[in-house]
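Reckoned from all heavy atoms, side chains included, excluding hydrogens, waters and symmetry mates. Chain letters run A, B, ... following the sequence lines, proteins first and then strands; every chain starts at 1.
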Amino acid sequence: MAKGKGSDQGAKQNTDGIGGKITPREEDYPQWYQDVIREGELAETAKVVKGCMVIKPHGYAIWEKIQRDLDARFKETGHRNAYFPLLIPQSFITKEAEHVEGFAPELAVVTHAGGEALEEPYVIRPTSETIIGHYFAKWISSHRDLPLLINQWANVMRWEKRTRMFLRTTEFLWQEGHTAHSTHEEARAEVERMLNVYGDFAEQVMAMPVIRGVKTESEKFAGALSSLCIEAPMQDGKALQAGTSHDLGQNFGRAFDVQFQSEEGKLDYVWQTSWGVSTRLVGGLIMTHSDDAGLVLPPRVAPIHAVIVPIWRKAHERDAVFEACARIKASLDEIDLSQPRSRYRDFVEVVVDDRPIRPGAKFYEWERRGVPVRIEVGPKDIAKGQVCVRMRVDTAAGTGKEFIPEADFIAGFRGRLDLYQAELLRIARERMETQTVTLDTWDEFLAAFAGDASVFAWCHWDGTAETEAAIKEQTKATIRCVPLPGQGPAPEPGKCILTGKPSPQRVLIAKAY
RNA sequence: AGGGCUGUAGCGCAGUCUGGUUAGCGCGCUCGCUUCGGGAGCGAGAGGUCGGGGGUUCGAAUCCCCCCAGCCCUACCA
């Protein structure tokens, strides 16, 4: 076998041992996912608490990036943050019939406090519709109090049977928007508006393409009239429900007696919505971009944009190299990455890795952490007034080692990040296209979902829950959503892929996380 | 919740079947010297409730019981 001359050959032979091993995706995708999280120092399983995770600083910093961008978008659309109790009186949960049925199996309940049994147990919130409904009832009495647009950043707990880091943990961090409106039309507009906020965020900030759609009756939120969602394709062809936006109708308004007096003086129940995204997004980020060398981060969610690795041998070189590193960092520090009309200013985050270990070891480490840009500064570079640049992933934003005049590099840095961001989205979209198929026969369908395989399949469906369940039972694939206008193939009638009965349009089917 | 696999140092593992002195190995970690543009070399070190509890035994990482946790497959699930 011919030996590759590229450095990658040597690297592969040494992946176990120093640091941990990252299992290649083709070998074992779930193991790869866990390896990336461990080696990227994103999180670890709590172990001492079932199903929970410890989010480590680098992982949490990504969540903070996500939070900050979304928070600005919520405020931009008129929402205000508030905070409600973690514990909810058990009786609240039971007030909305469908809601309690949906959540009862996964509730954690506090039965004792202060050394005594509680008269009425508290539920640890799995979501806050009920307790927020209670307060909405107190806050709303007139149409002048509407719309009421509230968001909460919080943790919630759902006792899931099976957990996976970031994707489904017992406790997770999220935001939940809760709004109340005087008409159903207005509430529906809000539901759509926030779904689009999520969709835009996923694509623009996370560089994660999504399909926007409507959940089927069996997949919708417990207690909602309907649920909109964004579904993101992962590298293994499975779908990740990355965000949901629910039309709650008047269900919770009735359950919690949230009434308002209209302009005409009539009493009516409010129309409510709720919408949320969670730390699951971090899992989606990992499975959208990362590779066998570890984490890959789009610049807009990267806690660190660039790492500078000083290269030197002799003591007298050291000072000059460190000085150059400090100068380059200072120049990069000044670069403003803020988006137009942003509520917050964002500057380039740079780390100079001056630890006394060999450069190669640093390269591997920062690659595993997903830092977009690596800069090497050595005596030769200083002599030539240049920097050596290597992007985390080869794209149009940069390929291989580039040697660039320092001033040009600084001047082009923001553009480089923007292009890299765009390239990651382009690559993800291309992959989505290759994973997306239009299927018309059940044989094709069975083949596409054989074993552990999954694709994004556009198929006709007769619209019945029975067929939906049959598809799931036979293939483990589920109807992810009925696409919104502009998503997926243009609607045209056809025949259900399983039953042959008439279908008005194709729906998205995939295995799901 | 059912089935399977697993739990020994930070990470990855051997040892368990067939019980027996101070529980090993690789990497990582600490110190020293030489090194430093893709995971350095040599030398000297540190680091362990063998997941937890109970039992059998002269003696348990090893055998038995219970529990906890993780991974995979079902089932369940915004």
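Between the CZ atom of A/F363 and the P atom of B/rG39 there is a distance of 9 Å, rounded to whole Å. Between the CD1 atom of A/I382 and the C1' atom of B/rG37 there is a distance of 13 Å, rounded to whole Å. For the pair A/R390 CZ and B/rG39 C1', the computed distance is 15 Å after rounding to whole Å. Regarding A/E41, its CD atom lies at a distance of 12 Å from the P atom of B/rC11, rounded to whole Å. In this structure, A/R374 places its CZ atom 9 Å from C1' of B/rG37, rounding to the nearest Å. Per the geometry, CD belonging to A/E39 stands 13 Å off P belonging to B/rG28, to the nearest Å. In this structure, CD of A/E106 is placed 17 Å from P of B/rA75, rounded to the nearest angstrom. Atom pair A/D35:CG and B/rG12:P shows a separation of 8 Å (rounding to whole Å applied).
Under the 4.5 Å side-chain criterion, counting only non-hydrogen atoms from C-beta, A/T399 is not in contact with A/T395.
Not less than 6.0 angstrom separates the ring centroid of A/H181 from the ring centroid of A/W271. If you look at A/F445 and A/F449, their ring centroids are closer than 6.0 Å. Centroid-to-centroid, the aromatic rings of A/H99 and A/F221 come within less than 6.0 Å.
A/Y364 qualifies as a stacking partner of the B/rG39 base, centre to centre under 5.5 Å and near-parallel within 30°.
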Identify the pairs formed between an N or O of the protein and an N or O of nucleotides 30-36 of chain B at a distance under 3.5 Å, and give each distance.
{"unit_1": "B/rC36", "atom_1": "OP1", "unit_2": "A/R313", "atom_2": "NH1", "d": "2.9"}
{"unit_1": "B/rC36", "atom_1": "O2'", "unit_2": "A/W312", "atom_2": "O", "d": "3.2"}

What does the list of N/O pairs under 3.5 Å between the protein and nucleotides 66-72 of chain B look like, with a distance for each?
{"unit_1": "B/rG70", "atom_1": "OP1", "unit_2": "A/G51", "atom_2": "N", "d": "2.7"}
{"unit_1": "B/rC71", "atom_1": "O3'", "unit_2": "A/Q34", "atom_2": "NE2", "d": "3.3"}
{"unit_1": "B/rC72", "atom_1": "OP2", "unit_2": "A/R162", "atom_2": "NH2", "d": "2.7"}
{"unit_1": "B/rC72", "atom_1": "O5'", "unit_2": "A/R162", "atom_2": "NH2", "d": "3.4"}

Between the protein and nucleotides 42-47 of chain B, which nitrogen or oxygen pairs come in under 3.5 angstrom?
none

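Nucleic acid contact for A/T127: none, since no nucleic acid atom lies under 4.0 Å from a heavy atom of the residue. Nucleic acid contact for A/C229: none, since no nucleic acid atom lies under 4.0 Å from a heavy atom of the residue. Base contact: A/S278 has a heavy atom under 4.0 Å from a base atom. Within the nucleic acid shown, A/W275 has no heavy atom closer than 4.0 Å to any nucleic acid atom. Note on A/R355: nothing from the nucleic acid sits closer than 4.0 angstrom, heavy atoms only. Contacts of A/F172 with the nucleic acid, taken as non-hydrogen atoms under 4.0 Å apart, include base atoms.
Pairing partner, B/rC63: B/rG55, with both Watson-Crick or wobble hydrogen-bond distances short of 3.5 Å. In a base pair of the Watson-Crick type (N1 to N3 plus N6-O4 or O6-N4) or a G-U wobble (N1-O2 and O6-N3), with each distance short of 3.5 Å, B/rA9 is matched with no nucleotide. Remark: B/rC42 base-pairs with B/rG32. Criterion, Watson-Crick or G-U wobble with two distances under 3.5 Å. Base pairing analysis places B/rA75 opposite nothing; no Watson-Crick or G-U wobble pair with both distances below 3.5 Å involves it. When both distances must be under 3.5 Å, the Watson-Crick or G-U wobble mate of B/rU16 does not exist.
Considering every non-hydrogen atom in both A/P372 and A/Y420, the closest pair reads CB-CE2, 3.5 Å.
Note on A/K362 versus A/E365: no salt bridge recorded, every NZ/NE/NH1/NH2 to OD/OE distance being 4.0 Å or above. Under a 4.0 Å N-O distance rule, the pair A/E96/A/R254 does not qualify as a salt bridge. A salt bridge is absent between A/R368 and A/D35: the closest approach of a Lys/Arg side-chain nitrogen to an acidic carboxylate oxygen does not fall below 4.0 angstrom. Under a 4.0 Å N-O distance rule, the pair A/E376/A/R390 does not qualify as a salt bridge.
Ring planes of A/F256 and A/F252: parallel class, angle under 30° (limits at 30 and 60°).
Within 6.0 Å of the CD atom in A/E27, the count of heavy atoms belonging to other residues, nucleotides or ligands exceeds 12.
Near RNA chain B, defined here as any heavy-atom distance below 4.0 Å, the residues from residues 213-223 of chain A are A/E219, A/K220, A/F221, listed numerically.
Between B/rG37, B/rG38, B/rA1, one nucleotide has an atom nearer to the side chain of A/E367 than all others, and that is B/rG38.
A cation-pi arrangement is absent between A/R280 and A/F166, since the terminal nitrogen or guanidinium carbon is not both under 6.0 Å from the aromatic centre and inside a 45° cone about the axis. For A/R318 and A/F322, the positive end sits near the middle of the six-membered ring, less than 6.0 Å away and at most 45° from its axis.
Remark: the separation of the C1' atoms in B/rU62 and B/rG19 is 6 Å, to the nearest Å. For the P atom pair drawn from B/rA9 and B/rG24, the interatomic distance equals 14 Å after rounding to whole Å.
Screening A/R212, A/K238, A/R480 for a salt bridge (charged side-chain N to carboxylate O under 4.0 Å, His left out) involving A/E231 leaves a single residue, A/R480.
Remark: A/E317 pairs with no residue by the salt bridge (charged side-chain N to carboxylate O under 4.0 Å, His left out) rule, at least two apart or across chains.
Remark: the A/R38 side chain and the B/rC11 base include no donor-acceptor N/O pair separated by less than 3.5 Å.
Applying the salt bridge (charged side-chain N to carboxylate O under 4.0 Å, His left out) definition to pairs two or more places apart or across chains, those involving residues 283-295 of chain A are A/R25-A/D292, A/D291-A/R392.
Heavy-atom nearest nucleotides on RNA chain B were determined for A/V377 and for A/F103, and the one closer to the 5' end corresponds to A/V377.
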